[in-house]
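Here is the structure we will look at.
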Amino acid sequence: MPPSKPQDGIALRPTTAYVDLDALESNIAAIRQRVGSGVRIMGIVKANAYGHGLVPVSRALLAFGVDTLGVAFLEEGITLRRAGIRAPILVLGGIIGNQIVHFLEFGLQITASSVFKLQQIEEQAGASGRRAEVHLKVDTGMERIGMHWDTAPCLLEAAKRTKHCDILGVFSHLASSDSSDPTFTRLQRERFEACLAAVPGPWPRHLANSGAILQHPDCQYEMIRPGIIMYGVYPTAEPIATVPLRPVLSLHTRVVYFKVVRKGSPVSYDGTWVAPNDTRVVTLPVGYGDGYSRRLSNRAEVLIHGRRHRNVGRIAMDAMMVDIGRTSAFNGDPVVLLGRQGDEEIRVEELAERLETIPYEVLTSISVRVPRVYVGQAAKALKLNEAVA
Ligand SMILES: *Cc1c(COP(=O)(O)O)cnc(C)c1O
């Protein structure tokens with residue numbers, strides 16, 4: 001549980017994101033339970049570990065038994081290496097030829113998404129005298145990167161002929177695995193299978209993202225790539241709760257101002273809300289500059305003293321106002337924007353629905369201005385708060 005008071009020296013600002021590593025560990029254990037012990041887990045930590053903090057979360061995941069890390073971009077992999085993380089790291093995104101030398105220098109696994117790119121990798125590995133670690137990317141219907149499933153057998157053939165590459169995996173990405181309609185996922189899996197059957201190889205296969213881990217066990221293969229469920233959040237609003245999850249991140253602030261707004265007075269920019277009666281309004285020192293979307297204006301609720309209260313008026317860059325009606329609140333009182341307070345809880349999925357977006361965007365929007373404080377058993381053992389301070 002997050003401490004009730006900000007920790008001295010870390011949370012100088014009342015607005016803080018607590019990252020509960022006990023919850024993270026419990027989610028990894030639940031995922032492990034679901035897939036069994038023989039399947040390797042590649043923990044996806046792209047986009048600042050879905051807003052939770054790239055380096056501290058990666059350290060914690062490795063301590064919790066995750067085998068490999070996955071990031072989207074080269075620079076995320078380099079950041080992990082510079083932080084001293086030696087575990088295998090796959091960069092999932094596409095590459096541009098002149099990046100290959102950096103992959104080799106930092107020992108990062110490369111996604112080969114075409115025969116041409118594989119040749120570039122092979123040449124540069126040969127020239128540098130280093131071995132390239134490569135995963136082959138097959139496009140089975142996402143249409144992002146990768147060779148289409150029907151032509152990908154040439155990529156697999158070409159991989160067999162390389163001399164300077166270690167082929168560590170062959171993979172594809174699912175476009176609709178969290179949908180209640182399994183049709184497209186089944187089609188993607190069939191295409192993946194057909195491609196692998198055309199050129200059998202010894203390579204570990206990986207296909208399953210969070211949605212597939214939750215509802216398509218036949219997509220597990222030798223390795224899985226969970227992202228959002230590690231962070232305790234279901235990919236969609238109607239979750240298929242086959243894996244019990246605990247939210248890892250909670251977002252807290254404190255009341256910074258209290259006043260009575262007179263009946264008829266507009267509140268905040270553009271006066272989009274007018275007090276229908278004399279009412280008590282508190283101001284919170286958090287706004288869209290922290291990643292709390294302006295599109296939540298007049299829609300979001302926050303928790304104060306364990307009760308829900310609605311935001312009123314436009315959310316500003318650094319502040320937002322909340323109508324607390326006839327209840328009371330004092331300067332410094334704790335406020336929960338995401339997470340639990342008393343018997344009430346605001347989940348990421350709820351904010352995502354109010355924003356008409358997906359939970360991923362809510363989490364990755366929390367900006368660098370918000371300090372992340374790591375709580376739970378592992379935070380001390382791994383000295384994570386010192387690492388980020
Ligand atoms: C982001 C990503 C994942 C993880 O997706 P979740 O839905 O968060 O589990 C897995 N694989 C690839 C290729 C990705 O880009």
Side-chain angles (χ1 to χ4, degrees), residues 24 27-28 30-32 34-35 39-52 54 57-58 61 66-74 76-77 88-95 108-113 134-147 149 152 168-180 184-185 188-189 192 204-217 219-243 245 247-249 348-349 352 357-365:
L24 185 68
N27 297 334
I28 297 299
I31 294 166
R32 178 55 82 197
R34 168 94 175 144
V35 300
V39 174
R40 277 193 281 158
I41 299 178
M42 177 186 293
I44 305 300
V45 292
K46 60 195 180 187
N48 198 27
Y50 291 50
H52 295 62
L54 174 62
V57 166
S58 296
L61 288 175
V66 159
D67 306 275
T68 300
L69 300 170
V71 294
F73 300 133
L74 172 62
E76 295 175 316
I89 300 168
L90 172 62
V91 175
L92 298 158
I95 55 159
L108 298 166
Q109 299 179 359
I110 316 172
T111 293
S113 50
V134 175
H135 291 243
L136 309 171
K137 181 73 188 276
V138 181
D139 185 348
T140 54
M142 178 75 178
E143 300 291 352
R144 202 160 63 176
I145 60 165
M147 271 188 92
W149 73 97
L168 301 181
V170 53
F171 73 112
S172 188
H173 190 50
L174 296 169
S176 311
S177 63
D178 54 5
S179 163
S180 56
F184 198 66
T185 302
Q188 285 196 271
R189 185 177 172 279
F192 191 52
R205 301 160 293 175
H206 47 107
L207 181 61
N209 53 5
S210 290
I213 294 163
L214 293 173
Q215 53 178 4
H216 296 281
C219 293
Q220 277 173 21
Y221 298 106
E222 286 75 42
M223 183 146 72
I224 54 168
R225 303 192 306 267
I228 194 109
I229 56 172
M230 297 195 303
Y231 306 102
V233 175
Y234 292 96
T236 54
E238 339 103 52
I240 335 86
T242 50
V243 178
L245 300 177
V248 171
L249 184 141
V348 180
E349 293 91 331
T357 184
I358 52 174
Y360 302 72
E361 195 184 15
V362 174
L363 286 173
T364 55
S365 296

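As the structure lists them, so they are numbered: ligands from 1, and atoms in each ligand from 1. Quantities reported herein were computed from a predicted structural model and do not represent experimental measurements.
For the pair Arg32 (side chain) and Val39 (backbone), a donor-acceptor distance under 3.5 Å is present.
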Could you list, one pair per line, each nitrogen or oxygen of ligand 1 together with any protein nitrogen or oxygen closer than 3.5 Å, giving atom names and the distance rounded to 0.1 Å?
| unit_1 | atom_1 | unit_2 | atom_2 | d |
| --- | --- | --- | --- | --- |
| ligand 1 | 7 (O) | Tyr360 | OH | 2.7 |
| ligand 1 | 8 (O) | Tyr50 | OH | 2.5 |
| ligand 1 | 8 (O) | Ile228 | N | 2.8 |
| ligand 1 | 9 (O) | Ser210 | N | 2.8 |
| ligand 1 | 9 (O) | Ser210 | OG | 2.5 |
| ligand 1 | 9 (O) | Gly227 | N | 2.9 |
| ligand 1 | 11 (N) | His173 | ND1 | 3.4 |
| ligand 1 | 11 (N) | Arg225 | NE | 2.8 |
| ligand 1 | 11 (N) | Arg225 | NH2 | 3.3 |
| ligand 1 | 15 (O) | Lys46 | NZ | 2.6 |
| ligand 1 | 15 (O) | Arg144 | NH2 | 3.2 |

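Classified by interplanar angle (parallel below 30°, tilted 30° to 60°, perpendicular above 60°), the ring pair Tyr50/Tyr360 is tilted.
Between atom CZ of residue Arg189 and atom CG of residue Leu207 there is a gap of 8.0 Å, rounded to the nearest 0.5 Å.
Atom CZ of Phe184 has more than 12 neighbouring heavy atoms from other residues, nucleotides or ligands inside a 6.0 Å radius.
Listed by first and then second residue, the salt bridge (charged side-chain N to carboxylate O under 4.0 Å, His left out) pairs that reach into residues 222-233 are Arg205-Glu222, sequence neighbours excluded.
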(message) Quick one, Gln215 with Thr242, criterion side-chain contact (heavy atoms from CB on, under 4.5 Å). Give me CA distance, side-chain angles, the key distance, then yes/no.
(response) CA-CA 7 Å; Gln215 53 178 4; Thr242 50; 5.8 Å; no
